[in-house]
Amino acid sequence: MKNLEIALLLGEIADLLEIKGENQFKIRAYRRASRAVKYLKENIEDLKEKGSLTKIPGVGKGIAAKIEEYLDTGEIKYYTELKKEVHPELLNLIRLPGVGIKTAKIIHEHFPGIDIELLKKYAEEGKIRALPGLGPKTEQNLLRGIDLMYGEREKYSIGIAKTSAEIILDFLNSISEVERAEIAGSVRRGKDLVGDLDLVISAKNYQEVVYYFEKHPHIQRVEKIGDQRFKAATWLGIKVDIEFADEDNFIETLYISTGSEEHIQQVKKLAEGFKGQITKNGIFINGSKIFLEGEKDIFSALGLPYIEPELREGRGEVEAAKKGRLPLLVKLNDIKGDLQVHSTWSDGMNSIEEMVQEAVAMGYSYIAITDHSKSLGIANGLSEKRLMEQWEEIEKLREKYAPFKILRGIEVDILSDGRLDFDEEVLKNLDLVIASIHSGFKQDRETITKRIISALENPYVDIIAHPTGRILGKRPPYDFDFERVLEKAAETNTVLEINASPDRLDLDDEQARAAKEMGIKIAVNTDAHERSCLNDIQYGVITARRAWLQKEDIINCMEPDELLNFLAERKKGAMP
DNA sequence: GCCGTTTTCGGCCCGACTGTTTTCAGTCG
């Protein structure tokens with residue numbers, strides 16, 4: 001699949017054109033095409049073969065020709081030429097949050113060839129604030145941005161990491177010398193940000209595996225480290241660490257490589273009490289090696305039930321296992337529907353019907369259509385009038401797709417003064433009201449806390465979406481009092497969201513666990529703006545599992561009637 | 001550069017917030 005490669009290239013062409021000051025609509029065309037290719041379900045090479053590249057929305061003759069050129073020759077001449085005209089460091093500068101073309105050019109004009117490291121140094125020395133049009137605030141924001149993007153030393157979202165790990169796993173499994181291969185490490189535990197990919201393999205001939213690995217198109221370089229492992233990097237630059245195991249210590253190696261360190265330490269400590277030892281060479285109790293068929297045998301040797309990888313963070317799972325109090329974690333197929341879905345009525349890429357078809361194909365029983373409200377102009381937010389028009393379309397689709405349920409919803413903006421973008425007369429006629437913040441991210445703690453609390457107090461608000469506002473690696477959460485928000489959500493029986501988009505995962509695992517402990521219900525929603533993004537639900541479920549959630553904690557694990565009752569009861573509670 | 005119940009040109013996403021400024025430019029969602 002070259003889809004992601006091409007999407008990134010088109011996006012970079014857009015950046016380059018922007019730096020050059022080209023026509024903004026041309027830039028937007030490349031951005032739109034990039035997005036469409038990124039979320040394309042089909043393999044783009046297949047589309048090319050069928051001659052239907054221009055069927056991709058936003059791809060016309062011009063861009064199709066460039067995609068074709070890339071697939072045929074591995075190069076886009078237009079892109080190569082553009083790159084010659086623009087200093088590469090400018091591209092890195094404009095990717096920093098708060099830095100656009102103008103700021104990047106000012107910095108670059110005064111410090112030609114400046115890179116991120118040097119920029120950080122100059123900012124710390126106060127040299128940036130002296131530049132024309134820039135000041136101390138910009139300098140501070142720059143430092144914060146650099147810290148956010150580079151401070152966590154190249155972390156990749158679980159979305160990219162898991163997909164990459166699965167591509168590598170498939171490849172390893174296709175090599176006949178490989179007897180067994182599994183994903184380990186933080187990808188297996190489902191962490192939101194991942195540093196590198198860990199895999200464990202056993203094989204008849206390791207030299208052969210390394211040989212094939214070097215040939216894989218996704219792999220940039222391979223470096224052998226001793227006899228037990230080799231390291232590599234994918235074309236995106238993600239580090240891969242592959243550890244060799246034998247057939248008779250594969251389970252032990254997989255278990256320890258999965259981690260986390262804290263978890264393993266705690267289990268090792270427990271094992272000491274059994275005169276036991278846990279090593280990659282074997283699990284020993286009273287000096288004799290335990291035969292393992294699977295990881296569950298490791299736990300049962302210590303008198304514990306199986307602990308799922310997502311729980312292995314040393315956050316009380318060993319204690320809970322001892323007491324027989326591990327949760328029965330929610331599973332992907334417990335999810336019965338998606339309660340935050342956008343359509344072309346606001347800023348989605350697909351029609352309501354297309355989103356419904358996708359949801360039906362996934363085996364769901366319902367979705368809620370929750371387009372943006374009017375204040376979000378850039379997202380083509382719905383006015384009251386257009387909302388009513390949307391209901392007519394939903395009504396027709398309800399008949400066509402029954403018994404599948406389509407909920408009339410809205411993602412209503414919490415305005416900067418805490419009011420909602422629609423008044424209660426409108427909200428009370430909706431099946432589902434989601435409220436969320438899209439503006440005023442930099443307000444002070446008290447103001448933002450009050451905004452969220454006043455949304456929670458609104459009797460018609462069912463769910464608060466992406467409650468902290470973070471975008472992983474790009475935007476920190478806004479400043480607010482999470483404890484107070486939890487208390488109010490518990491008091492008003494308002495649902496909090498785990499936004500399943502791998503760029504958000506908001507609430508995160510620990511926050512969602514805190515919410516559960518206060519009896520707050522959770523919705524796991526994708527916030528899909530493209531049909532294929534409904535599949536992001538997997539990342540939300542992984543996060544829910546890391547938060548110790550059971551299906552009883554999650555409202556979209558309810559059967560349709562149960563959910564409609566739940567929402568109706570909330571509304572009834574809302575009536576004076 | 002894309003797109004069209006508008007068919008080959010003309011329109012396409014705009015308003016709020018922030019920071020640096022003295023009246024507005026740049027960035028973002």
Side-chain angles (χ1 to χ4, degrees), chain A residues 9-11 13-37 53-67 76 78-79 82 93-107 123 128-145 148 342 344-349 371-383 386 411 413-417 419 421 436-444 447-448 451 465-466 469-471 474-476 478-479 499 501 503-504 506 527 529:
Chain A
L9 270 172
L10 294 175
I13 291 178
D15 287 345
L16 291 165
L17 291 173
E18 200 168 4
I19 293 171
K20 277 191 67 189
E22 279 270 1
N23 177 326
Q24 52 160 327
F25 297 109
K26 187 168 161 180
I27 297 164
R28 195 178 299 162
Y30 275 99
R31 289 254 152 79
R32 185 172 137 83
S34 164
R35 201 169 113 133
V37 171
L53 284 175
T54 52
K55 297 249 168 68
I56 304 170
V59 175
K61 268 197 204 156
I63 293 181
K66 292 185 176 71
I67 294 174
I76 300 175
Y78 181 61
Y79 167 75
L82 276 173
L93 290 182
I94 61 167
R95 282 173 193 150
L96 285 172
V99 179
I101 306 295
K102 299 289 167 72
T103 310
K105 279 190 171 164
I106 292 171
I107 295 172
I128 299 300
R129 69 177 70 192
L131 300 181
L134 307 184
K137 293 269 186 154
T138 308
E139 199 171 72
Q140 283 311 305
N141 286 339
L142 267 176
L143 284 171
R144 267 201 295 272
L148 195 65
H342 295 263
T344 45
W345 281 83
S346 64
D347 59 347
M349 301 272 279
D371 279 304
H372 291 285
S373 61
K374 59 180 187 260
S375 285
L376 212 58
I378 184 141
N380 192 23
L382 298 176
S383 64
R386 288 182 60 227
E411 182 180 7
D413 254 63
I414 304 172
L415 303 173
S416 29
D417 59 2
R419 285 180 306 120
D421 202 14
S436 61
I437 285 185
H438 293 103
S439 61
F441 298 109
K442 293 192 175 162
Q443 288 174 335
D444 62 76
T447 309
I448 295 188
R451 282 169 77 187
H466 41 77
R470 74 165 179 174
I471 306 281
K474 274 200 193 130
R475 191 173 76 201
Y478 32 71
D479 187 17
N499 192 290
S501 163
D503 294 329
R504 288 189 182 267
D506 177 9
D527 199 356
H529 286 70

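None of the values given here were measured: they were computed from a predicted structure. We name chains A, B, ... by the order of the sequence lines, and we start the count at 1 in each one.
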Does any donor atom in the side chain of A:His342 or A:Asp527 lie under 3.5 Å from an acceptor atom in the other side chain? yes
Let me confirm one number: the CG-CD distance from A:Asp417 to A:Gln443, rounded to the nearest 0.5 Å. 9.0 Å
What distance, rounded to whole Å, do you find between the two P atoms, one in B:dT6 and one in B:dC2? 22 Å
Taking atom CG of A:Leu376 and atom CD of A:Glu411, what is their separation to the nearest 0.5 Å? 8.0 Å
To the nearest 0.5 Å, how far apart are OG in A:Ser439 and CZ in A:Arg451? 4.5 Å
Using a distance-only criterion (donor-acceptor N/O pair, under 3.5 Å, no hydrogens), is the base of B:dC2 paired with the side chain of A:Arg32? no
Between B:dT18 (C1') and A:Tyr478 (OH): distance, integer Å: 19 Å
Could you tell me the separation between the NZ atom of A:Lys374 and the C1' atom of B:dG15, rounded to a whole number of Å? 15 Å
Relative to each other, are the rings of A:His438 and A:His466 parallel, tilted or perpendicular (30° and 60° limits)? perpendicular
A:Gln24 CD to B:dG1 P: how many Å, rounded? 15 Å
Between B:dT20, B:dC17, B:dG1, which nucleotide gets closest to the side-chain atoms of A:Ser416? B:dC17
For A:Val59 and A:Glu139, find the nucleotide of DNA chain B closest to each by heavy atoms; which residue's nucleotide sits nearer the 5' end? A:Val59
Does A:Ser375 or A:Pro132 map to a spot on DNA chain B nearer the 5' end, using the closest nucleotide for each? A:Ser375
Of the candidate nucleotides B:dT20, B:dC12, B:dC2, which contains the atom at the shortest distance from the side chain of A:Ile63? B:dC2
C1' atom, B:dC3 versus B:dT7: distance in rounded Å? 10 Å
For nucleotides B:dA16 and B:dT22, find the distance between their P atoms and express it as a whole number of Å. 24 Å
Considering only the C1' atoms, how many Å lie between B:dC13 and B:dT27, rounded to the nearest integer? 15 Å
Using atom C1' in both nucleotides, what's the gap between B:dC14 and B:dT8 to the nearest angstrom? 28 Å
I need the CZ-P distance between A:Phe25 and B:dC14, as an integer number of Å. 8 Å
Length of the NZ-P vector between A:Lys26 and B:dG1, whole Å: 4 Å
Write out a two-atom table: protein N or O, nucleotide N or O from nucleotides 27-29 of chain B, distance below 3.5 Å.
from   : atom 1 : to       : atom 2 : distance (Å)
B:dT27 : OP1    : A:Gly100 : N      : 2.6
B:dT27 : OP1    : A:Gly100 : O      : 3.2
B:dT27 : OP1    : A:Thr103 : N      : 3.1
B:dT27 : OP1    : A:Thr103 : OG1    : 2.5
B:dT27 : OP2    : A:Ile101 : N      : 3.4
B:dT27 : OP2    : A:Lys102 : N      : 3.4
B:dT27 : O5'    : A:Gly100 : N      : 3.4
B:dC28 : OP1    : A:Gly98  : N      : 2.4
B:dG29 : OP1    : A:Arg475 : NH1    : 3.1
B:dG29 : O5'    : A:Arg475 : NH1    : 3.4

Across the strands shown, which category fits A:Lys66 at heavy-atom distances under 4.0 angstrom: base, sugar-phosphate, nothing? sugar-phosphate
From CD of A:Gln140 over to P of B:dT18, roughly how many Å is that when rounded to an integer? 17 Å
B:dT23 and B:dC28: how far apart are their P atoms, nearest whole angstrom? 26 Å
Could you tell me how far apart A:Ile13 (CD1) and B:dC2 (C1') are, to the nearest whole angstrom? 15 Å
For B:dC12, which nucleotide in any strand shown is its Watson-Crick or wobble partner with both distances under 3.5 Å? B:dG1
Test side chain to side chain contact (heavy atoms under 4.5 Å, CB included), reference A:Leu142, set A:Thr103, A:Leu134, A:Ile128, output is A:Ile128
Candidate nucleotides B:dG1, B:dG19, B:dC13, ranked by approach to the side chain of A:Thr138 - the nearest: B:dG19
To the closest 0.5 Å, what do you measure between NZ (A:Lys20) and NZ (A:Lys26)? 7.5 Å
In plain terms, say whether A:Asp15 and A:Arg95 are close enough for a salt bridge, that is, a side-chain N and a carboxylate O under 4.0 Å apart. yes
Can you tell me how far P in B:dG1 sits from the matching atom in B:dT5, rounded to whole Å? 23 Å
Using whole Å, what does the distance between atom C1' of nucleotide B:dG1 and atom CD of A:Glu18 come to? 15 Å
Calculate, to the nearest 0.5 Å, the distance between atoms CD1 and CD1 belonging to A:Ile56 and A:Ile63 respectively. 10.0 Å
Between B:dG26 and B:dT20, how far is it from one C1' atom to the other, in whole Å? 10 Å
Considering only B:dG19, B:dC12, B:dC17, which nucleotide approaches the side chain of A:Lys137 most closely? B:dG19
Looking for any heavy atom pair under 4.0 Å, which part of the strands does A:Asn141 touch: base, sugar-phosphate only, or nothing? sugar-phosphate
